[in-house]
Amino acid sequence: AQDEFIFGMVLVGPFNDRGWSQAHYEGGQYVEQNVPGAKMLYFEKLNPADAPETTLRDVVTNMVDKGAQLIFTASDEFEEDTAEVAKEFPDVIFINVSGDDAYAGTAPANVGNVMGTIEWGKLIAGCAAGLTTETGSIGYLGPLINFETRRLAASAYLGARYCYENYRGLDPDNLKFTVTWIGFWFNIPGVTLDPTEVTNSFFDSGADVVISGIDTTEGIVVAGQRAKQGEKVWSIPYDYVGACEEAPEICLGVPYFHWGPGYAQIVAAAKNGAYQQEWTLLNPDWTDINNPDTSGVGFVKGAGLSEANAASLDDFIAKAAAFAQDEANADTIFLWQGPLKYQDGTEIAAAGEALPYIAPLGEAPSIWYLDQLLEGMTGPSKQE
Amino acid sequence: MNNELLNTLNSIVANATPLVIASLGETITERAGVVNLSLNGSIILAAMVGFVAALVTNSALVGVLAAMFIGMLVALLVAAAAIELRQDQVAVGFVLTLLAADLAQFLGQSYTRIPGPQILNTPLPLLSDIPVVGPVFFRQTILVYISYALVIGLWYWLFRTRPGLAHRAIGERPAAAFARGTQVNRLRYIYTAAGGALVGLAGAAYSLSVKAGWATPPSMDGDGWIALAIVIFGGWHPFRVVLGAYLFSGLRALATVIQRTPGISIPIVLLNGVPWLLMIITLLLVSSGAIERLLRLLPRQVQGWSRNFLRSDPPAALGTRFEPE
Amino acid sequence: MLIEVRHIHKRFGPVHANDDISLTFPHGRIVGILGENGAGKSTLMKILSGYQSFDSGEILIDGQPVDYRGPLAAIAHGVGMLQQDPLDVAAFTVLENFVYGMPGGLRIPRRAARRRLAELTERLGFALDPEMPIAQLSIGQRQQLEIVRLLALGVKALILDEPTTGISAEQKAILFDALRQLAEHDQMTILLVSHKLEDVIALCHEVAVLRAGRLVGCRAMPATTSELVTMMFGQELPPVDRQSADVSAAPNVLTLDRLHLRGKRVTVADLSLQVKAGEVIGLAGLDGSGQELLLRACAGLLKPLHGRVIVGGEDLTGHPYRDFLRRGVAFSAAGRLEEGLIAGLTLTEHIALVTETGTLVDWERARRRTSDQIARYNVRGRPDSPVETLSGGNQQRLLMALMAEQPVLMALEQPTRGLDVDSSRWIWQQLLARRERGAAILFSSSELDELVTYSHRILVFYAGRVYPVDAARTTIDELGRLIGGHLDGA
Amino acid sequence: MKSQTLTAQAALTALPIILSLAITALLVMAVGADPREVFTLVWEGAFRDLRAVGQVVNFWIPLTLCSIGLVVTFTAGLWNIGVEGQMILGAVFASWAALTLDLPAPILVPVEILLAMLGGALWALLVGVLKVRLGVHEIFGGVALNALANVIAIYLISGPWQPPEGGSVRATPPFPAPALLPPLSDTFKVSLLALVIVVVAVVGVWLALRGTRWGLQLKATGKNARSAMLLGVPTGRSALSAFIVCGMLAGIAGSYRVLFTYNSLRPGVSGGIGFLGLLVVLLVANRALWAPLVAFAFAAVLGGSARLKIALQLDASLAGVLQGFLVLTALLSNGLRARLAPPTPISMIEEPAPQPIPAEAAHEQ
Ligand SMILES: Nc1ncnc2c1ncn2[C@@H]1O[C@H](COP(=O)(O)OP(=O)(O)OP(=O)(O)O)[C@@H](O)[C@H]1O
Ligand SMILES: Nc1ncnc2c1ncn2[C@@H]1O[C@H](COP(=O)(O)OP(=O)(O)OP(=O)(O)O)[C@@H](O)[C@H]1O
Ligand SMILES: [Mg+2]
Ligand SMILES: [Mg+2]
């Protein structure tokens with residue numbers, strides 16, 4: 001075991017949640033398979049409710065005791081704690097997923113960040129929904145309201161609108177796109193709205209496709225159940241490549257994170273002592289967004305997608321790829337082109353103008369700091 | 001009536017069903033003078049066991065039976081501790097509610113979020129075609145139909161049959177029951193077990209139907225407490241209990257609908273606290289004599305009837321021990 | 001039916017409640033069972049009716065030994081018992097109570113049951129509405145229902161444990177008529193436990209007397225009260241003089257001004273009363289006629305709907321109980337362990353609770369005080385005994401010890417309930433000693449002679465109406481009639 | 001005969017520990033792990049070095065604070081299931097001070113703790129008023145207010161107290177250094193101030209319950225509120241004061257979670273510690289001085305099980321299962337003990353005999 005390299009993976013949820021945490025867990029397994037000698041230690045459900053007695057420091061201490069030299073802290077929640085703990089273990093490399101301290105330059109030298117540009121996946125998911133909906137009504141199961149969740153919901157909306165209009169020739173203004181926020185990333189009984197009930201309520205109110213933006217799979221489970229009872233409904237889960245398995249026949253596909261390749265690079269570099277602190281964005285590999293060895297973000301089509309719609313979706317993905325590969329579009333995203341208006345009518349991009357991916361908060365509107373849902377979407381934009 | 005409303009009402013009935021079943025189970029138990037405070041944990045454990053049993057055998061029926069068995073087991077533990085070992089029912093129930101939930105999480109860890117058998121709607125012929133009523137009440141799962149039968153059956157049992165007299169008597173005045181030849185403690189075991197079996201059935205109704213599957217945190221966490229409150233709100237009367245459960249379910253649905261209603265802006269997160277506020281308010285209503293004051297506003301003719309319906313005296317011997325000489 | 005008990009023994013731990021009791025109860029006779037508190041009367045009756053197991057001895061019915069297990073078996077053998085507080089279910093209706101316990105199928109046979117109930121009540125001169133909830137019946141009506149129920153079950157022997165406490169003179173007359181009819185006409189065996197010697201004299205054909213668990217005598221009636229007392233206590237008790245002290249010059253300690261009180265079952269309207277220092281006022285009436293509302297209002301435990309409560313010149317209307325306590329009002333409720341003493345706390349802790357005033361408790365001092373009070377009030381218990389281990393009489397003594405030494409006003413609910421003549425007298429000595437020091441006493445009682453003996457004035461309560469009576473001039477008979485509701489005839 | 005029953009009594013005391021360990025071992029084997037390895041790992045996880053012990057102590061502090069507060073409410077005969085919510089409100093109030101007040105540490109920290117006490121007390125008072133004045137049973141009031149406290153915390157975290165750049169809803173921004181409790185040392189990361197508070201709380205409650213009139217009145221209220229009221233005890237006030245004291249202690253516990261353990265407010269920050277406290281108090285049959293000992297055993301088991309998760313990937317709910325079984329079997333064997341005991345003559349009934357759970361034995365789990 002001369003060659004052994006132990007890395008830790010700290011998960012906020014269960015390793016088998018078929019969502020966010022499982023995607024990371026499998027990313028770690030990918031590293032074990034692809035980086036010789038790499039061995040993962042993991043700790044699941046590190047959150048005050050599930051593990052009140054344990055802090056990130058405790059977990060890291062235990063992992064370092066067991067020989068870990070690099071630790072992934074796979075949640076935005078761990079961003080600050082990671083910075084703190086990293087100072088106590090200067091010889092260990094920490095990668096905080098979805099944080100931006102390394103970008104902002106506030107992180108200790110041994111902390112880096114990783115995130116995926118899942119906006120692309122959401123665009124495709126929206127397109128699949130727009131292609132499929134028969135009632136012209138789509139539900140978006142939102143977690144809680146912040147910049148990230150607004151821009152992801154809006155990405156799905158833009159995709160849906162585009163495909164509804166361009167592939168089906170229907171009036172996009174007739175497309176109903178409703179966002180309901182449950183209040184948190186996953187169901188906390190008694191504290192959030194129950195995603196099962198929210199999904200049912202979408203279908204009750206006439207929506208026939210529900211796109212999930214939460215960490216777990218309630219949306220697709222409910223859709224599967226209702227489809228078995230004879231209703232024509234579909235669903236699009238989130239986060240994890242295998243999420244369709246819960247009800248493959250009504251799954252239109254899933255936008256997912258594919259952490260393995262990015263992680264493998266980091267672990268390999270660390271193993272060779274060559275890791276340099278950075279803020280890493282994992283992008284789709286536009287030659288094949290589902291290439292398990294190269295793409296950081298992907299979209300797998302589900303069995304619920306009709307053949308014709310699958311073809312349209314492929315065409316859409318090709319258009320997105322062309323857009324993304326065009327140097328001129330480096331700092332924006334497909335379909336985020338003017339005219340774009342906030343829900344209250346404020347224009348954020350004039351016709352022909354592209355909304356930038358990111359711009360300093362408060363100075364100019366950007367996708368990253370999307371302050372409201374877009375015009376045409378139904379549902380609250382703000383917490384209150 | 002439009003479709004959306006009918007669908008929503010249908011979902012409200014469906015979502016309320018586990019609450020109905022659990023509260024009726026607890027009503028059976030409490031009418032016999034025993035408090036089974038373990039409901040929240042029992043339901044969770046039963047849901048997990050029911051799901052796993054159904055998954056392993058690929059039979060929802062086996063799942064349902066397994067869940068009922070578990071609910072019965074936990075309830076019997078409460079009864080035995082209270083009757084045989086003279087322990088405080090509340091303490092034992094409380095410990096069990098925590099223990100059962102942890103046990104469910106531990107034993108169910110490798111069964112989270114996987115697809116399993118489900119109990120699907122079976123619309124009843126003829127009945128489901130009745131306008132309005134049909135789509136709301138008779139396009140449901142068999143468990144929902146069972147809950148209808150339970151409500152009426154329990155009411156008939158308690159208030160129209162001879163064994164029902166004994167059932168109520170052991171919860172009201174065990175000494176009197178004993179004097180009439182009723183074997184108080186034996187019946188308490190039986191009714192606690194029966195109530196527990198229904199609590200277990202409620203668990204299965206969640207994991208096999210209403211919130212299909214198993215996950216942590218369990219999506220039905222907290223509903224056991226609400227069921228316990230519904231029993232109080234329901235004044236230990238089957239009809240009122242069912243009304244309470246539908247009311248809660250309806251208000252939960254409202255919280256979802258409000259979000260989609262333009263023009264109403266309540267912080268979404270705060271909206272999620274509504275069921276709990278409602279729980280306090282309903283208990284306040286039944287406890288503080290507010291209902292009595294409201295009743296006096298009604299026309300005299302219906303006052304007596306409504307007072308009877310709304311009266312909510314707990315079984316007089318609830319939570320006490322009985323030891324025959 | 002002939003019932004015999006032979007050599008019955010029953011122990012509760014160290015207490016020998018029934019010590020070798022042998023008795024014969026022939027049919028067609030009404031037998032009175034007498035004895036002081038704790039003599040073992042109830043124990044023997046419970047054994048006879050299957051409510052209590054016994055250690056040794058045997059029971060014979062018509063010469064055949066029987067083996068009882070539970071009250072139902074006793075009823076099957078024809079022996080039924082009517083408990084002092086009838087064993088019915090308050091949440092049931094009369095009909096449900098009547099039916100419950102009778103053999104039959106799944107459904108309640110409402111029509112047949114209603115007919116049978118009507119038949120029996122009519123024969124005995126009772127009046128019961130089948131649909132009335134038990135909670136709304138008087139004790140007397142509930143007794144009637146129990147008797148009817150037992151008869152419907154076919155009992156041949158009826159045991160009644162203190163049936164006349166808490167029922168009106170009228171109901172008593174109806175009850176006694178019914179019992180006589182059952183004894184003479186139906187040849188039933190009837191056993192009557194009572195502390196009220198006048199009832200025993202009026203009804204019984206013979207009496208048996210128990211003392212400390214043993215049978216100390218039997219005799220045929222008639223007998224005089226003093227003969228019976230001598231049998232019970234081994235000596236004749238000296239008569240007690242009626243209260244006659246003149247209090248007209250004493251200052252007012254309590255003024256009730258047009259008080260309206262609402263209870264669960266009765267409402268007392270427009271009650272005005274002046275009570276002078278040293279005055280004793282008895283409150284007569286059936287249980288639940290409004291006496292307890294008045295007592296509780298005087299102690300601040302019940303807020304009047306309107307009207308004023310003035311204690312020692314100070315208007316305390318609407319004030320909390322503790323303000324009344326502070327002004328020298330002492331209250332004691334009928335249920336000692338429910339309202340009065342705290343099961344689980346020791347005597348010392350009780351004393352500390354009422355005597356300690358600082359932030360810290362001086363346990364040494366509290367224990368000393370407790371020992372003193374134990375000696376003074378003759379309580380049989382140790383400072384560190386939990387109060388629930390005291391007997392009823394001793395609990396009552398402890399309550400006296402906890403009461404203020406120098407109260408202005410004492411509001412007492414049935415201060416001698418369930419106590420025998422001797423213990424009652426002791427309690428009254430203590431109360432009167434406080435009266436001597438200037439306390440006024442308001443007390444309720446179901447014992448007419450107690451009311452007549454100790455009161456200056458008596459207030460008769462009937463269904464919330466209040467009728468004042470001069471105690472010096474009234475008689476027990478008159479009082480009995482008034483309690484039964486003949487307020488206007490007086 | 002006498003010694004025979006003594007042996008039986010001793011056996012019944014040990015029974016819950018042995019039984020719950022046995023059941024847990026069976027469960028561990030059922031999921032395919034070796035119980036011995038599990039127990040070693042837990043032991044190591046809790047006690048292998050000062051750092052690990054510090055971690056246990058950090059959990060013990062809020063647990064003990066809640067437990068000792070619950071001793072007060074149980075004495076008054078109240079099931080303060082709302083202690084979770086009271087912790088959360090304590091945490092929320094302390095967080096408000098930490099996020100908004102710009103004061104030097106020596107002033108800010110006491111202010112935070114006082115505010116936490118206020119928050120906990122307010123939330124407890126709400127349960128208390130619902131119970132004492134409005135007749136809503138404290139179990140239901142408590143359960144509902146727990147959930148509402150959670151809702152409030154999540155609202156604040158996801159709304160008003162979000163970091164300016166949006167970002168996280170899993171926690172507020174970290175508190176500035178002056179707002180935090182300083183650790184004793186780098187290796188033993190425990191707050192001295194909190195340790196002092198715990199000791200003061202335990203000893204204070206113990207003394208107050210046995211030596212003050214307030215304690216006596218609480219006890220009287222708990223055993224029979226009606227009689228106590230008639231004997232002149234302000235029962236309503238007694239019950240409310242018990243809620244308030246428990247709420248204040250729970251509030252401190254909550255503040256410790258945010259001011260030391262996490263350095264920020266998070267959803268579910270109470271982490272079931274209040275419920276665990278209820279178990280502790282049931283297990284020690286409400287005796288104040290035993291509570292910290294049993295709480296320490298519980299904290300050690302839980303703290304140790306972090307290692308369990310990393311080494312064996314066992315779900316940490318195992319610790320909860322063990323504790324649940326322990327308390328359940330303790331209650332049941334109490335009952336068994338009472339049944340087997342020779343009938344005592346009525347006049348000789350003593351206060352229930354103490355049933356100590358040896359702390360050493362509990363540690364070994
Ligand atoms: N269940 C019991 N447990 C213990 N002791 C009992 C029990 N029942 C009765 N005793 C005791 O047995 C003795 C006889 O009691 P019993 O009730 O028969 O007396 P009684 O003659 O009916 O008295 P009273 O006139 O007060 O009703 C008393 O000392 C009483 O304390
Ligand atoms: N169980 C009860 N039944 C009837 N009345 C009660 C009961 N408990 C309290 N009271 C009444 O409520 C009032 C409040 O008494 P309590 O002993 O609760 O004092 P408290 O809480 O200190 O009151 P305050 O805060 O007003 O000083 C008293 O007047 C008392 O008579
Ligand atoms: Mg008696
Ligand atoms: Mg951030």
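Owing to the predicted nature of the structure, the values given are computational and were not obtained by experimental measurement. Within every chain, numbering begins at 1; the chains are lettered A, B, ... in the order of the sequence lines, protein sequences first and strands thereafter. As a basis for the values below, the full set of heavy atoms in this structure was taken, side chains included, without hydrogen atoms, waters or symmetry mates.
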Which atoms of [X] approach chain A - backbone, side chain, both or neither, heavy atom under 4.5 Å:
| X | answer |
| --- | --- |
| B:Asn15 | side chain |
| B:Pro123 | neither |
| B:Ile226 | neither |
| B:Ala212 | both |
| B:Val274 | neither |

Please look at [X] and chain B and tell me whether the side chain, the backbone, both or neither of the residue comes under 4.5 angstrom of a heavy atom of that chain.
| X | value |
| --- | --- |
| A:Gln22 | neither |
| A:Thr378 | side chain |
| A:Thr180 | both |

- Query: Rounded to the nearest 0.5 Å, what separation is found between the CZ atom of A:Arg226 and the CG atom of B:Leu120?
  - Reply: 12.0 Å
- Message: Working to the nearest 0.5 angstrom, can you tell me the gap between A:Phe15 CZ and B:Thr112 OG1?
- Response: 7.0 Å
- Under 3.5 Å side-chain donor-acceptor pair for A:Asn200 and B:Ser11: no
Where [X] and [Y] come nearest, the two heavy atoms and their spacing:
| X | Y | answer |
| --- | --- | --- |
| A:Pro189 | B:Pro218 | CG-O, 2.9 Å |
| B:Ile119 | A:Gln225 | O-NE2, 4.5 Å |
| A:Glu245 | B:Pro115 | O-CG, 3.7 Å |

- Query: Taking A:Val222, A:Val221, A:Val179, A:Thr192 one by one, which has the highest count of heavy-atom pairs under 4.5 Å against chain B?
  - Reply: A:Thr192
- Message: Just so I understand: if I count every heavy-atom pair under 4.5 Å between each of A:Val198, A:Thr217, A:Asp204, A:Thr216 and chain B, which residue has the most?
- Response: A:Asp204
- Task: Mark yes or no for whether B:Arg113, through its side chain, and A:Arg18, through its backbone, hold a donor-acceptor pair below 3.5 Å.
- Result: no
- Task: Answer yes or no: is there a donor N or O on one side and an acceptor on the other, between the side chain of A:Asn16 and the main chain of B:Gln109, under 3.5 Å?
- Result: yes
- Query: Hey, does A:Glu218 have a side-chain heavy atom less than 4.5 Å from the side chain of B:Lys211?
  - Reply: no
- Message: What I'd like to find out is whether the side chain of B:Arg252 reaches to under 4.5 Å of the side chain of A:Asp194, using heavy atoms alone.
- Response: no
